[in-house]
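The structure under discussion appears below in the form of C-alpha cells.
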2 protein chains.
Amino acid sequence: MTVGVRHDDLRRRNRALVLTALRAANQRSRTEIANLTGLSNSTISAITSSMIEEGVLVELKGNDNGLARRGRPQVALALNPTLASVVAVTLTLNHVSAVLIDYAGEAVDEEVQDLATQELEGQALIEAVIGCVRRVLTRQRENGYHPSRIALAVQGITSSDSSSMLWSPITPDENTRFAPALAAAFGVPATVENDCNMITVALKWREPARYRKDFFAVMLSDGIGMGLMVKGELFSGTHSSGGEFGHMIHIPDGALCRCGKHGCIEAYAGNYALIRTARGGSEEDVPGAVVSQVEIQKLADAARASDGPERAAFLKAGRAIGFGLGSLFAVFDPAPVAIVGPGALAFDILEQPIRDAIARTAGGKHSAAISFETEPNEMPLIRLGCAMTALTKVDAEIIVPGLTTEKVLKGRKVA
Amino acid sequence: MTVGVRHDDLRRRNRALVLTALRAANQRSRTEIANLTGLSNSTISAITSSMIEEGVLVELKGNDNGLARRGRPQVALALNPTLASVVAVTLTLNHVSAVLIDYAGEAVDEEVQDLATQELEGQALIEAVIGCVRRVLTRQRENGYHPSRIALAVQGITSSDSSSMLWSPITPDENTRFAPALAAAFGVPATVENDCNMITVALKWREPARYRKDFFAVMLSDGIGMGLMVKGELFSGTHSSGGEFGHMIHIPDGALCRCGKHGCIEAYAGNYALIRTARGGSEEDVPGAVVSQVEIQKLADAARASDGPERAAFLKAGRAIGFGLGSLFAVFDPAPVAIVGPGALAFDILEQPIRDAIARTAGGKHSAAISFETEPNEMPLIRLGCAMTALTKVDAEIIVPGLTTEKVLKGRKVA
DNA sequence: AAGCTTTTTTTCGAGCTTCGAAAAAAATAA
DNA sequence: TTATTTTTTTCGAAGCTCGAAAAAAAGCTT
C-alpha cells in the first residue's frame, strides 16, 4: 500500500516541480515557473528563495534578453552549476569515455580511452572503467569538482536495480557488478544502465516536441537494441533493463543468434547477420568477431549499387525488424520510431522492407503513418541520457525540504 | 508538465488511501487503517468521521469478531453499500449479462440473455445491451437502486478512452460506440473495456498474494487474448486496449488468421486454428464459424488418447503460444502467467510444448521457474474486473474533499 | 528630472491539513 | 467498584499554499 501523504511531501513535490521546470530549460523567471507549474506566485517565491539560500539556484542578473519592456523586468533563475556535478561514463566495444558534467548539465571535461573490452575479464574491465573516471577527476580536482554520482551506460542487459551488467556482447564476463565497485572507488553512488534506455531518455530531453509520451528507439549496430518510452515513462523490464527487441523471435528455430538461441531478430538484422547472409554463409555459422562499421558501409554501398546478395541481406534484415515492430505494435500500439546507431546510415535500404513487413501484421494498422527518424551518431545521446539520469537523481536528494544543501552533498560541492 | 500540488490535493490523496484500504478488505478499524496507510490516528479519525457524515462509510457495531480482548474494542468501518451502485455488463459471443453491484462490491441482481451477436449490426447490438441493462434496473428500481456508472466488458479491441469497441470477433460491426449510447440511455457515465484487461484487474483483486506487481493473463478461447499487469498497473496500449498477444507474429506470412493477416499466434492457437490443423485443412482455409466448446473438448480428448493429428494440432498451438511468450518475456522479462478461459481445460496437453518453446527463446531464461495457473471459467473474473473498475471510478469522484456526497451522486443514491 | 504606469516579486494574514500529546471512551481484570 | 488496557477523539502547534496588498524596478510622459 502506498504510504500516506504528509505535510512536507507537499513542499517536496512542489520543489521537484520547480527543479524539473528549470531542467527542461534553464533560465526561467519566477513568473514563468509559476505559470508552468500552476502554483501561485507566492509559493514560487517562497520555494525559490529558500533554494537560492541553499545554493541550488542562482539569479542571473543583468541578462536583458534583448527586448526591453515596461515594468519590473523578470529575473532569470538558473540551476547553480557549481552546486554539484556528475560523471557520465559510456562503455562500448573497445572504448570507454567519462564526461564530467556540472549541475546545470554542461560538460566540463572528457576523457576517452581505447580498451580491448573483449579480452578483459570482469575485474580488469571494472578497473579500466575506474581508471578512466579517475583520470578526468584528477585533472579537474584542482578546479574543485567532487562529483555526487556516477552513471555508467553499457551495451547489454543490466539489472533493474541498476547495480550490474548482467550480460554484454562486448565482454565474455557475466554479471559484472560495476555499481558497487565504482561506488567504493569514489565514495559516491553509482548506477549502471542500458545504453538504449539512455538514448530513449535523451531523445525525450532533446526533442520533447517530437518524442513526448510514446515512442520506440531502435539501435541498429552489431546487436539490435531498443528503448521504449510508454506513457511518458521509460519502460524497463521488471527484473532487468528489458526491451530486448533484438531477441524477440522472428523465425522459430531459425538462424543462430549471438545469444546462442535461434531465430532472434538480431540473427537476421545485426551486423554479423548482415555479413553472414550477404556472403552466403549458413544460418548456423557461429557469429564471429565484431564487424567493423566500414565493412557494413561497403555492404550497404553494394546493396545500393545492384540487386545482389548484399541487397538480399538488407531485405532480410528489414523484414525481421519490420515483423518484430509489428508484433511490438500489437502489444503497445503503433508509435513513432527513432532509428539510432550506425545502422541508421543504411536506413534508406531498410525502410521499404520494414514498412512492407509491418503492413503484413495486425499490429501495423496504418503502417504508412508510422514515422521513422534516423540518428546515426548514438554517443552524444547516450551521454546526455546518462547525465540527465544522474542529475535527476541528484535533484531527488535536493528537493527534500529542511535538509540544507551541505547536509545532502557533504563535501562534494565545488570548493 | 505535471500540475502543482495544492493543499486540498493532500486531503484528497489521503481520502483515496482510506478508500483503497477498505476496498481491498471491507471492515477495518480506524487503527488498522492508520497502520496500513502510515497516517496518524488523528488524521484517520478526521477523514473517516467526515466520510461517515457524508454517507460514504458506515460503522459496523456489535460485531465482536469472536475474541474478546481487554481495552476499548475496535469499531469496524465498512463501505456503505447503499451509497451508490454500478452495473457490470459482459458481452460475449451469443450472450450478454448485466449485474447490479452495490457500493461495497456485492452483487444485487443479475440479468443474463442469449443474443445472436454475430448477426446483429451496430445499433441493434447496442440496443440489445441497453435492453439487458434496462431489465435488471427496472426490476430493482423499486428497491431504490440508481447506478452511478456502467462498465461494459467486450471481447475485442477497445479504444484507450474506453468509449468504443474498435473491433470484435463477435460482430461484423466496427467501431461500435457503446459508451455514449449507454451514457445517453441511462444518464450516467459508461465505459467499454477489453475482457482480458478486466480479467487481469480481477486477478489482482481476488488473489493479491499471487498476482501482485507483474503477471500476464492469457485467454485461450476462440481467439487468443491477453491482459498485462506491469509494475502493479494494468498495461494498456497507448491508443487501444492493447496487449493483442494473439496477433503477434509467430510465423511471418504463415497461416491465415481471422484478422485477415498471416502468421499470427491466434492462427495456430485459436479454437478455429486447432480444428483446422487437426482436420488437415490448409493453413489458407478461411476461419469459419465459431467452434463450440464441446468440439474443442472432443479434440482434446482425442489428443490425450493417441498421438494423431489432434495431438499434433495442440503441439503446434502450444509452440505458437510458447514462442510468443518468449518474445514477450524478452521485452517485459519473465513473469507468472495465468491461463484463463476454456482453453485452460486443455492446458495439460499444451503445457509441455509451451515450456519447450519458451526454453528455445532468449526471453525464456529460467523457463522452468515460470509458473502457470489455470482458470477455466473466465466469466466471474470479467464481472469482478468490471465491477472493481467501475467502483474505483466512483471512488475517484467521492474522494474530492468538500464535495458533499449529494453533490457528487445527485439523485443516484439508493432511496 | 519628477511623477505615472506597468510588470514582477515579496510580504502578510487566512485557511487548510497533519501530527503528537493529552483526554475521553469503552471494554476487561482484579 | 476500581484499575488497567486499548481505541478513538480533541486540541494546540507547525507547515504549506493562496489571494490581496505592498514593495520594487523598470519604461513612459510631460
Side-chain angles (χ1 to χ4, degrees), chain A residues 2-18 27-53 57-77 399-403, chain B residues 2-18 27-53 57-77 399-403:
Chain A
T2 339
V3 79
V5 186
R6 264 173 308 281
H7 215 155
D8 43 345
D9 293 326
L10 207 143
R11 176 47 77 96
R12 181 149 50 84
R13 287 181 52 133
N14 288 340
R15 281 168 66 106
L17 235 48
V18 170
Q27 288 186 234
R28 304 202 100 103
S29 72
R30 294 168 175 83
T31 313
E32 285 175 310
I33 296 173
N35 292 337
L36 240 53
T37 58
L39 293 166
S40 72
N41 285 332
S42 18
T43 303
I44 296 299
S45 183
I47 290 176
T48 53
S49 76
S50 67
M51 282 177 129
I52 288 171
E53 198 182 352
L57 304 184
V58 286
E59 284 191 334
L60 260 50
K61 286 192 172 156
N63 111 308
D64 276 0
N65 89 69
L67 53 292
R69 290 186 311 145
R70 226 180 195 205
R72 179 172 175 174
Q74 304 192 350
V75 179
L77 298 176
I399 58 168
V400 177
L403 285 177
Chain B
T2 338
V3 79
V5 186
R6 264 174 308 280
H7 217 151
D8 42 347
D9 293 325
L10 207 144
R11 174 50 74 95
R12 181 149 50 84
R13 287 180 52 133
N14 288 340
R15 279 167 67 106
L17 236 46
V18 171
Q27 289 188 232
R28 302 201 103 104
S29 73
R30 292 168 175 84
T31 313
E32 285 175 311
I33 296 173
N35 293 337
L36 241 53
T37 57
L39 294 167
S40 71
N41 285 329
S42 20
T43 304
I44 296 300
S45 183
I47 291 176
T48 53
S49 77
S50 68
M51 283 178 129
I52 288 170
E53 197 182 353
L57 304 183
V58 287
E59 285 190 335
L60 260 50
K61 288 192 171 155
N63 109 311
D64 277 359
N65 90 69
L67 53 293
R69 290 188 310 147
R70 228 179 192 202
R72 179 171 174 174
Q74 305 191 349
V75 180
L77 297 177
I399 57 167
V400 178
L403 285 178

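Letters go in sequence order (proteins before strands), and every chain restarts at 1.
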With axes from five pairs an end, tell me the bend angle of the helix from C/dA1-D/dT30 to C/dA30-D/dT1, nearest 10°.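 The end-segment axes of the helix from C/dA1-D/dT30 to C/dA30-D/dT1 are tilted 30° relative to each other.
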Rounded to whole angstrom units, what separation is found between the [atom1] atom of [X] and the [atom2] atom of [N]?
X	N	atom1	atom2	value
A/R12	D/dG15	CZ	C1'	15 Å
B/N41	C/dA25	CG	P	17 Å
B/L77	D/dT7	CG	P	14 Å
A/D9	D/dT17	CG	P	12 Å
A/L39	C/dT9	CG	P	15 Å
B/L17	C/dT18	CG	P	11 Å
A/I44	C/dT11	CD1	P	15 Å
B/Q74	D/dT9	CD	C1'	15 Å

Quick check: do B/N14 and B/T37 have side-chain heavy atoms less than 4.5 Å from each other?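 B/N14 vs B/T37: side chains apart.
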Do B/L77 and B/E59 come close enough that some side-chain heavy atom pair is under 4.5 Å?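 B/L77 vs B/E59: side chains touch.
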Which one, D/dT8, C/dG20, C/dT9, comes nearest to the side chain of A/V75? C/dT9
Once you round to the nearest 0.5 Å, how far does CG of A/L39 lie from CD1 of A/I47? 6.0 Å
To the nearest 0.5 Å, what is the distance between CG (A/L60) and OG (A/S29)?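 These two atoms lie 12.0 Å from each other.
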At under 4.0 Å between heavy atoms, which parts of nucleotides 21-30 of chain D does protein reach? Answer with one letter per nucleotide, 5' to 3': B base, S sugar-phosphate only, - none. --BBBBBS--
For a quick test of reading the model, state the closest non-hydrogen atom pair linking A/E32 to A/Q27 and the distance between them.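 Result for this residue pair: OE1-O, 4.4 Å.
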Taking all atoms of both residues into account, what is the closest heavy-atom pair of A/R15 and A/I399, and its distance?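 In terms of heavy atoms, the two residues are closest at NE-O, 2.9 Å.
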A/S42 side-chain N/O to C/dT11 phosphate OP1/OP2 under 4.0 Å: no
Decide yes or no on side chain to side chain contact (heavy atoms under 4.5 Å, CB included) for B/N41 and B/R30, but give the supporting numbers first. CA-CA 7 Å; B/N41 285 329; B/R30 292 168 175 84; over 6 Å; no
What are the atom names and distances for every N/O pair under 3.5 Å that joins the protein to nucleotides 14-17 of chain C?
residue: C/dG15; atom: N2; partner: B/H7; partner atom: ND1; Å: 3.3
residue: C/dC16; atom: O2; partner: B/H7; partner atom: ND1; Å: 3.2
residue: C/dC16; atom: O2; partner: B/H7; partner atom: NE2; Å: 3.3
residue: C/dT17; atom: O4'; partner: B/H7; partner atom: NE2; Å: 3.4
residue: C/dT17; atom: O2; partner: A/H7; partner atom: ND1; Å: 3.3

